[in-house]
*Asks:* 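The following block contains the structure, expressed as structure tokens.
Just the heavy atoms: all of them, side chains too, but no hydrogens, waters or symmetry mates, feed the values below. Quick note on labels: first sequence line is chain A, next is B, and so on, each numbered from 1.
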2 protein chains.
Amino acid sequence: MAKKIKTKLDKEVDWRSVCPVSSALDILGDKWSLLIIRDLLTKGPQTYSDFLQSGEHISTNILADRLHLLTCLNLIEKSDAEGIARNNAYKLTKSGESLKPTLIELAKWSQDNLKFYNPDIVEIV
Amino acid sequence: MAKKIKTKLDKEVDWRSVCPVSSALDILGDKWSLLIIRDLLTKGPQTYSDFLQSGEHISTNILADRLHLLTCLNLIEKSDAEGIARNNAYKLTKSGESLKPTLIELAKWSQDNLKFYNPDIVEIV
DNA sequence: CCGCATCCGTTACGATACTG
DNA sequence: CAGTATCGTAACGGATGCGG
């Protein structure tokens, strides 16, 4: 039986199937979660407001929700777990860190296949 | 200047930034698009109803919308472009096929990191 | 101030019925 | 069989409030 994981506002993670791709998309299949991981991978630990200042402009409620879910799933954690929230940066866990090869492959694909549509794509961010 | 691509119902693809990860998520960052690619990679050409019968149960309007967008972006195409729609299977283009390493990395990550939450995850589908 | 939570209008999704 | 139309629901996105 799959364990129940809930998002901030009581939304349960629904595992649609036993397929690993489908299961990954059940938690990362949106426009923001992997950008949070990307920021942490490329820039190191980030505070709440660091994320807000990232180029794609995530809104505050979505950010709080995703940080909560990624924390529940043990992909990220606070640098100082016992410290106050203020200026307490998030960092990747081993599990989150291990998404790096996936993101590298995705970025490579994007550079090779989307430049026709979005010519300004850069080499790496 | 980025080229304008529209989804079935006039929704424009919005390139949030020049980051390759972000750009990939602008088109693949949802719960269904990569499952369509997965089905084509693992099972070969698929008809409209083949997709509907896949384990995660996509609904018809979402499927039609995603097939349209992926076709516009040249990730998939009809097997018989000039043929009638009926029984005309979709297949991957070179561009779609080259998402294979990304999906393999994602599946590996899922098997290694999500089994605690969704223990029924299988080796590969 | 910073890290969220709440409110609310808009958009996307999802189930189902329906059409060529 | 391959989609389209409709419509209720859920998620998003921006503005704003508030506590530590």
*Asks:* Cut-off 3.5 Å, side chains only: do B:Ser17 and A:Glu56 have a donor facing an acceptor?
*Replies:* yes
*Asks:* Among the candidates C:dC2, C:dC4, C:dA15, find the nucleotide nearest to the side-chain atoms of A:Ser49.
*Replies:* C:dC2
*Asks:* Which whole-number value in Å describes the distance from B:Asp65 CG to D:dG3 C1'?
*Replies:* 12 Å
*Asks:* So what does A:Asn61 touch, heavy atoms closer than 4.0 Å: a base, only the sugar-phosphate, or nothing?
*Replies:* base
*Asks:* Among side-chain atoms of A:Thr47 and A:Arg86, is any donor-acceptor pair under 3.5 angstrom?
*Replies:* no
*Asks:* Choose from C:dC13, C:dC2, D:dG13 the nucleotide whose nearest atom is closest to any side-chain atom of A:Trp32.
*Replies:* D:dG13
*Asks:* With a 4.0 Å cut-off, would you call B:Glu97 and B:Lys94 a salt bridge?
*Replies:* no
*Asks:* Within this structure, what is the CG-to-P distance between A:Asp14 and D:dT9, rounded to whole angstrom?
*Replies:* 19 Å
*Asks:* Can you identify which nucleotide, out of C:dC4, C:dC13, C:dC1, has its nearest atom closest to the B:Asp30 side chain?
*Replies:* C:dC13
*Asks:* Whole Å only: how far is the NZ atom of B:Lys31 from the C1' atom of C:dA12?
*Replies:* 13 Å
*Asks:* How long is the line joining CG of A:Leu69 and C1' of D:dA11, in whole Å?
*Replies:* 14 Å
*Asks:* Whole-Å distance between C:dC2 P and A:Ile84 CD1?
*Replies:* 13 Å
*Asks:* Cation-pi check, B:Arg16 to A:Trp32: give yes when NZ or CZ is under 6.0 Å from the six-membered ring centre and within 45° of the ring axis, no otherwise.
*Replies:* yes
*Asks:* Separation of A:Leu52 atom CG from C:dC2 atom P, in whole Å?
*Replies:* 11 Å
*Asks:* Do any side-chain nitrogens or oxygens of B:Tyr90 fall under 4.0 Å of OP1 or OP2 in D:dG3?
*Replies:* yes
*Asks:* Ignoring the backbone of A:Ala64, work out which of C:dC13, D:dG20, C:dC4 is nearest its side chain.
*Replies:* C:dC4
*Asks:* How long is the line joining NE2 of B:His68 and P of C:dC13, in whole Å?
*Replies:* 14 Å
*Asks:* With B:Phe51 as reference, evaluate B:Asp39, B:Leu35, B:Thr60 under the side-chain contact (heavy atoms from CB on, under 4.5 Å) test and give the passing residue.
*Replies:* B:Asp39
*Asks:* Quick one: which of C:dC1, C:dC4, D:dC1 gets closest to the side chain of B:Arg86?
*Replies:* D:dC1
*Asks:* Check the phosphate of D:dC1 against B:Thr47, side-chain N and O only, distance under 4.0 Å to OP1 or OP2. Yes or no?
*Replies:* no
*Asks:* Of the candidate nucleotides C:dC4, C:dC2, C:dT16, which contains the atom at the shortest distance from the side chain of B:Ser59?
*Replies:* C:dT16
*Asks:* Using modelled atom types and a 3.5 Å cut-off, is there a donor and acceptor pairing between side-chain atoms of B:Ser23 and backbone atoms of B:Cys19?
*Replies:* yes
*Asks:* How long is the line joining CG of A:Asp26 and P of D:dA11, in whole Å?
*Replies:* 13 Å
*Asks:* Quick one: is C:dC4 close enough that its OP1 or OP2 comes under 4.0 Å of any side-chain N or O from A:Lys78?
*Replies:* yes
*Asks:* I want to confirm an ordering. Mapping B:Gln53 and A:Thr60 to their closest nucleotides on DNA chain D, which one lands closer to the 5' end?
*Replies:* B:Gln53
*Asks:* Checking contacts here: which listed nucleotide (C:dC13, D:dA5, C:dC2) is nearest the side-chain heavy atoms of B:Ile62?
*Replies:* C:dC13
*Asks:* At under 4.0 Å, does any side-chain N or O of A:Arg16 touch on OP1 or OP2 of C:dG14?
*Replies:* no
